[in-house]
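Before any comments, here is the structure.
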Amino acid sequence: MVNTTGSVKPVENFILTLSNPAFGVYLLCACLLVLKMMGVTLLTIYNRFRHKAFICPEDAKWLRGQVVVNDTVERIRRAHQNDLENIPIFLAAGFAYLWTHPYVWLASILYIGFTILRVLHTIVYALIILPQPTRAMLWLGGFLITGYMAIHSAIYVFIYLVT
Amino acid sequence: MVNTTGSVKPVENFILTLSNPAFGVYLLCACLLVLKMMGVTLLTIYNRFRHKAFICPEDAKWLRGQVVVNDTVERIRRAHQNDLENIPIFLAAGFAYLWTHPYVWLASILYIGFTILRVLHTIVYALIILPQPTRAMLWLGGFLITGYMAIHSAIYVFIYLVT
Amino acid sequence: MVNTTGSVKPVENFILTLSNPAFGVYLLCACLLVLKMMGVTLLTIYNRFRHKAFICPEDAKWLRGQVVVNDTVERIRRAHQNDLENIPIFLAAGFAYLWTHPYVWLASILYIGFTILRVLHTIVYALIILPQPTRAMLWLGGFLITGYMAIHSAIYVFIYLVT
C-alpha cells in the first residue's frame, strides 16, 4: 500500500480484515456468543412451555397456561440478564482492543477464554446448578478479561490521542 | 490500490465503506433500530406519566404519583427487554456477516427484514395487542435471521482461520 | 493511497483508524463506558454482600445470607438496567455517526458529553440520590445525543444509498 500521509501506520488498514487472525477470532467468538445467548432464549421458551408459565395474558390464552412466575424460568432469565450485562461490554472492549495491536496468541486466548467461560457460566447457572463459588469464579474470569481489555485499550488510545 | 502482501483480497478493505451497499444498509438499519428502541423508552415514559406509576420514590415525589407497578407500563417494559435480548445480538451477527461477502440483495433483505419485523413486534406487543401467535411469529422471523447470520458467519470465519 | 476505482472517496479508508481523532475518542469513550458499567456491577455485588441480600439460593447458602429484595440493591439494578437501555444504542449510533464525516470537535463533544452525562446519571441514581429532575435531565442529555447521531446518520446513509 502506498502511504501518502506518513503519519498513518500501514498496518492500521489491516486491522478489520480476516487476514488479521485476531480480528477473525474476535468475529468467530462474537458469533458463538450470539448463538449461546440465543440458546438461553430457547431454553426460556422450552421451560415456559413445559411449566405452562407465561409472561403475557395472550400467551397464556393461546397455550392454555397461566401468567405465573416459575422458579426454573426465572433462573434462566437471570442467566440471560447476566449475559446482557456482560457480553455486549465484552464485544465493545474486545473491538477496541484490536487497535492496541495485541499479540495474536494473547488476543485469541482472551476472546476464546471469555467465550468458554460464558458458556460454562450459563451451564452452571441454568442447567446443572453447582454450589457456589463455581458460578462466581466463571463470571469473575470473564469480568477480568473484559476489564483488562477495556483498561488497556483506554490507556493505549488515550496516549495515542494526546501524543 | 497497490497490494503489497499478496494474501489480502483487495476487496477486504472495501467492506466498511459506504461504497459497499450492504454496509450502508446495515448502518441504516442499525440507526433505525436505535430510534425504534428510543421510541419504546418514550412510550414507557408517556405511560408512567399518564398512569402516574413511577419506579423511584424521588420520581413519584416530583410528579405527584406513586411507586407502583402498572400493567401497561410493564407490558412496554417487556417489549423493551425483548429488544435488549434480540437487537444487540442482531447488530453483532449482522456486522460479522459483512465479512462473508454476501450478495447485496440478500444482505439487504435480511437487514431490512429484521428491522421491519422488530418494528411490527413492538407494535403488536405494546400498542395494538393482537392475539398470539402474531407476536411469536414476528419474533421468530427476527430470531431466525440473526441465527442464520451468526451460524453462516461463524462457519465462514472458522474455515478462513483454519485454512 | 492509490485509488483504482474512482468511486471510492480516499478518506473512506481512514475512518476506522486511530489517525482519525473522532474514532479515537469514540473508542476511548466506549472503553470508559464499559468500565463505568463494570463499576455498577461491582456496586451491586458490594451491596448484596453488605445487606446479605442475594439473588439465588446457592449464593445465599454460600454467603450465609437470604434470597431477598433489598431497596439499595434494586436501586443499583435499575441504574444498571438504564445503562443497558441507553449505552449499547449509543455505541451503535456513535459508530454509524463516524461515517457522516463529522467535525472532530463536534464528534468529540458528543462522545465525551454522553460519557460524562452517563457517569453523573449513575452517581445521582445509585450513590448520591438527588431530587428529581436531576436524574431526568442527565438522562435526557444522553438520550438527545444518541437520537441526534442516529437521525443524522440514518439520513446521511440513506441519501448516500439512493444517490
Side-chain angles (χ1 to χ4, degrees), chain A residues 1-13 15-16 71 74-75 78-79 81-82 84-101 124-125 129-136 139-140 143-144 146-147 149-162, chain C residues 1-4 10-42 44-45 48 54-63 65 67 77 80-81 83-85 87-92 94-95 104 108 112 115:
Chain A
M1 182 174 170
V2 179
N3 189 330
T4 55
T5 69
S7 67
V8 180
K9 297 184 199 167
V11 74
E12 280 275 315
N13 285 297
I15 287 178
L16 295 192
D71 276 353
E74 290 310 304
R75 175 174 283 279
R78 289 199 297 273
Q81 186 69 15
N82 197 280
L84 297 179
E85 289 169 6
N86 288 279
I87 290 175
I89 61 173
F90 162 79
L91 293 177
F95 183 78
Y97 187 60
L98 290 166
W99 268 267
T100 67
H101 301 291
V124 306
Y125 206 155
I129 303 154
L130 295 183
Q132 285 281 31
T134 314
R135 197 186 85 230
W139 169 83
L140 183 63
F143 192 77
L144 291 177
T146 303
M149 294 195 305
I151 291 171
H152 183 72
S153 307
I155 293 170
Y156 185 96
V157 173
F158 182 75
I159 289 172
Y160 196 104
L161 284 172
V162 296
Chain C
M1 180 173 171
V2 178
N3 189 332
T4 56
V11 75
E12 280 274 315
N13 284 297
F14 295 104
I15 287 179
L16 294 193
T17 157
L18 291 181
S19 303
N20 173 10
F23 179 61
V25 174
Y26 170 80
L27 278 189
L28 178 60
C29 290
C31 289
L32 295 176
L33 287 164
V34 166
L35 292 168
K36 191 213 73 61
M37 289 176 77
M38 294 176 77
V40 177
T41 298
L42 293 177
T44 306
I45 294 171
R48 284 206 182 282
F54 300 104
I55 201 170
C56 287
E58 65 269 31
D59 307 5
K61 193 178 172 190
W62 175 38
L63 298 157
V67 179
R77 279 163 63 85
H80 205 166
Q81 186 69 14
D83 278 352
L84 296 180
E85 290 170 6
I87 290 175
I89 61 173
F90 163 79
L91 293 177
F95 183 79
V104 171
S108 300
I112 296 170
T115 306

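Chain letters run A, B, ... following the sequence lines, proteins first and then strands; every chain starts at 1. Because only heavy atoms are used, hydrogens play no part in the values below, and waters and symmetry mates are left out as well, while side chains stay in.
Heavy-atom minimum distance, C:P21 versus C:V104: CB-CG1, 3.7 Å. Across all their heavy atoms, C:C31 and A:S153 have their closest contact at SG-CB, 3.6 Å. Across all non-hydrogen atoms, the minimal contact from C:L28 to A:A154 is CD1-O, 3.4 Å. In terms of heavy-atom proximity, C:F54 sits nearest to C:A60 at CD1-CA, 3.8 Å.
At a 4.5 Å heavy-atom cutoff, the contact between C:L84 and chain A is made by side-chain atoms alone. For C:F95, the part sitting under 4.5 Å from any heavy atom of chain A is the side chain, from C-beta outward, and nothing else. Proximity to chain C (any heavy atom under 4.5 Å) is shown, for A:I155, by neither the backbone nor the side chain. Of the two parts of C:V25, the backbone and the side chain both hold a non-hydrogen atom closer than 4.5 Å to a non-hydrogen atom of chain A. C:L33 does not touch chain A: none of its heavy atoms, backbone or side chain, sits under 4.5 Å away. Both the backbone and the side chain of C:M38 come within contact range of chain A, with heavy atoms under 4.5 Å apart. Residue contact with chain C, scored on non-hydrogen atoms closer than 4.5 Å, is absent for A:F90. Only the side chain of A:Q81 has a heavy atom closer than 4.5 Å to any heavy atom of chain C. Heavy-atom distances place no part of A:T134 under 4.5 Å from chain C, backbone and side chain included. Of the two parts of C:C29, neither the backbone nor the side chain holds a non-hydrogen atom closer than 4.5 Å to a non-hydrogen atom of chain A.
Contact check on A:R75 versus C:E58 returns a salt bridge, with a Lys/Arg side-chain nitrogen under 4.0 Å from an Asp/Glu carboxylate oxygen. A salt bridge between C:R48 and C:D59 is absent, with no side-chain N of the basic residue lying under 4.0 Å from a carboxylate O of the acidic one.
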* Test side-chain contact (heavy atoms from CB on, under 4.5 Å) on A:H101 and A:I15 and set out the steps. => CA-CA 8 Å; A:H101 301 291; A:I15 287 178; 3.9 Å; yes
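Of the residues considered (C:L32, C:T41, C:L91), C:T41 shows the highest number of contacts with chain A, using heavy-atom pairs under 4.5 Å. Listed options C:M37, C:H80, C:K61 were ranked by heavy-atom pairs under 4.5 angstrom with chain A; first place goes to C:H80.
Between C:F23 and A:W99, the ring centre distance stays below 6.0 Å.
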